[in-house]
Amino acid sequence: AMLRLRLLTWDVKDTLLRLRRPVGESYAAEARAHGVRVQPEALGQSFREAYGAQSRRFPNYGRGRGLSSQQWWVDVVKQTFRLSGVHEDGVLTLMAENLYRDFCSARNWEVLPGAGETLSRCCQRGFRMGVVSNFDNRLENVLSQCNLRHHFEFILTSEDVGFAKPDRRIFEKALRLGGVPPQQAAHVGDDYARDYRAARAVGMHGFLLRAAGQGKEPGVPPEHILPTLSHLLALIEK
């Protein structure tokens, strides 16, 4: 039977947009511009370490802990370079501010194959659309720069809402904004726990984006798996 859906909510990172190149490469290029040589692989490793520590210490971009998300990210960038052996304060501040700005633009993000077309077709079919993302408040600007903002009635980031997926409250807020009961809504994302399972826990439908070769998740029926975004409408309408 055709699902009676009225609202579609969307994850962003690795669902609609992806980084154009690994984080370590972007950081290494910024360092080179200041005459600092660091290996991209080392920076990538340092970034994962710094980001993980900061996320544990100040979850959800420091929301509710007196940190702005900009300060949260600037600290992550500086710590990434420190862990890779760069300690000069002036250059650290400059690089961190530049990188914070660059990751707010289409310079560092690209639209995934099929995403623009799928969003357009969903809008044409009359679905209400929103974003539910564990992102900071730069997201609206990033989506505008990548020419996707116009598809959505609302953009919910974990920083704005104060709760991060898989917390049910960010999905409940999306349902209130969309004005539909959960059984008339579906969430599309690439993360089993934060997207698929969390949406289903509030009674929404879920579709899990799974590139070829990615492992099978336990308990996800094949009709909920999207090999690409272009498969979505066929699954909804069959």
For residues 34-44, dump all side-chain donor-acceptor pairs below 3.5 Å to protein atoms at least two apart in sequence or in another chain.
{"from": "His34", "atom 1": "NE2", "to": "Glu30", "atom 2": "OE2", "distance (Å)": "2.8"}

Show me the donor-acceptor pairs within less than 3.5 Å that the side chains of residues 82-89 make with the rest of the protein, sequence neighbours left out.
{"from": "Arg82", "atom 1": "NH1", "to": "Gln79", "atom 2": "OE1", "distance (Å)": "3.3"}
{"from": "Ser84", "atom 1": "OG", "to": "Ser46", "atom 2": "OG", "distance (Å)": "2.7"}
{"from": "Ser84", "atom 1": "OG", "to": "Thr80", "atom 2": "O", "distance (Å)": "3.3"}
{"from": "Glu88", "atom 1": "OE2", "to": "Gly90", "atom 2": "N", "distance (Å)": "3.2"}

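Applying the side-chain contact (heavy atoms from CB on, under 4.5 Å) rule to Asp160 yields the partners Asn137, Thr157; only residues at least two apart in sequence or on another chain are considered. Not counting sequence neighbours, Asn134 has no partner by the side chain to side chain donor-acceptor pair (under 3.5 Å) test. Residues satisfying the side-chain contact (heavy atoms from CB on, under 4.5 Å) test with Arg48, not counting sequence neighbours, are Gln45. Residues meeting the side-chain contact (heavy atoms from CB on, under 4.5 Å) test with Ser55, sequence neighbours left out: Tyr51, Trp72.
Here CZ of Phe171 is found 4.0 Å from NE2 of His187. Values are rounded to the nearest 0.5 Å. Atoms CG and CG, from Leu229 and Leu119 in turn, are 7.5 Å apart once rounded to the nearest 0.5 Å. Taking CZ of Arg21 as the start and CD of Glu110 as the end, the distance is 11.5 Å to the nearest 0.5 Å. Here SG of Cys123 is found 9.0 Å from CD of Glu153. Values are rounded to the nearest 0.5 Å.
One side chain, Asn60 or Ser158, offers a donor N or O that lies under 3.5 Å from an acceptor on the other. For the 3.5 Å distance criterion, the side chains of Lys78 and Thr93 qualify, holding a donor opposite an acceptor. Using a 3.5 Å distance cut-off with no hydrogens or angles, the side chains of Gln184 and Arg4 do not pair a donor with an acceptor.
Remark: side-chain polar atoms of Thr118 are not paired, donor with acceptor, to backbone N or O of Ala115 under 3.5 angstrom. Checking side-chain atoms of Arg197 against main-chain N and O of Pro166 turns up no donor-acceptor pair under 3.5 Å.
Ring pair Trp109/Phe103 is perpendicular by interplanar angle, where above 60° counts as perpendicular and below 30° as parallel.
Residues Gly219 and Tyr196 approach most closely at O-OH, 4.2 Å, considering heavy atoms.
None of Thr15, Leu209, Asp190 except one satisfies the side chain to side chain contact (heavy atoms under 4.5 Å, CB included) rule with Leu226; the exception is Leu209.
Salt bridge annotation for Asp195-Lys165: present, with a cationic side-chain nitrogen under 4.0 angstrom from a carboxylate oxygen.
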